[in-house]
Amino acid sequence: IISRAPCVLKERSMRKPALKIDADRCKNCRNCLKLGCPAIESAARSDKPVISDACTGCGLCRSACPFDAIH
């Protein structure tokens, strides 16, 4: 892999604040899970997705959510 910039997963200074899913607004459509982001996963205790600490704050999942549940 040849990249033009440092990896955001390694360079902590490049990260934006991690995003979170508002469980009340989430309708469990699972569009965010279809993105393939390693930071978004199904919760073990709940059927709604959660965002882990691996989130770099890119905002791609926010644009995929039709219910505006990711902030």
Side-chain angles (χ1 to χ4, degrees):
I1 297 175
I2 299 172
S3 69
R4 295 181 185 165
C7 176
V8 294
L9 295 175
K10 285 189 167 187
E11 295 290 327
R12 296 274 180 192
S13 62
M14 295 179 64
R15 288 185 177 199
K16 296 176 183 173
L19 299 172
K20 301 290 180 198
I21 297 176
D22 182 352
D24 294 333
R25 297 185 92 176
C26 178
K27 304 297 183 204
N28 203 20
C29 70
R30 303 177 95 63
N31 281 347
C32 57
L33 290 171
K34 294 174 187 172
L35 293 173
C37 176
I40 304 173
E41 51 198 33
S42 291
R45 286 177 260 144
S46 142
D47 57 343
K48 294 185 179 179
V50 294
I51 299 177
S52 72
D53 292 338
C55 176
T56 61
C58 74
L60 183 62
C61 57
R62 188 181 323 169
S63 64
C65 181
F67 303 104
D68 197 30
I70 301 175
H71 301 281

* Asked: Pro49 versus Asn28: any side-chain heavy-atom pair under 4.5 Å?
  -> yes
Restricting to non-hydrogen atoms, name the atom on [X] and the atom on [Y] that form the minimum distance, rounded to 0.1 Å.
{"X": "Leu35", "Y": "Cys61", "answer": "CD1-CA, 3.4 Å"}
{"X": "Leu19", "Y": "Arg62", "answer": "CD2-NH2, 3.0 Å"}
{"X": "Cys32", "Y": "Ile70", "answer": "CB-CD1, 4.2 Å"}
{"X": "Lys34", "Y": "Cys29", "answer": "NZ-O, 4.4 Å"}
{"X": "Gly57", "Y": "Lys16", "answer": "O-CD, 3.4 Å"}
{"X": "Asp68", "Y": "Arg25", "answer": "O-NH1, 3.4 Å"}

* With the 4.5 Å side-chain cut-off for hydrophobic clustering, are Leu33 and Ile51 part of the same group? -> yes
* Determine, step by step, whether Cys37 and Leu60 satisfy the side chain to side chain contact (heavy atoms under 4.5 Å, CB included) criterion, reporting the C-alpha distance in whole Å, the side-chain angles of both residues, the deciding distance to 0.1 Å, and the verdict. => CA-CA 9 Å; Cys37 176; Leu60 183 62; over 6 Å; no
* Hey, does the side chain of Lys27 reach the backbone of Phe67 with a donor-acceptor pair shorter than 3.5 angstrom? -> no
* **Ile40 CD1 to Arg30 CZ distance, which is reported to the nearest 0.5 Å** => 11.5 Å
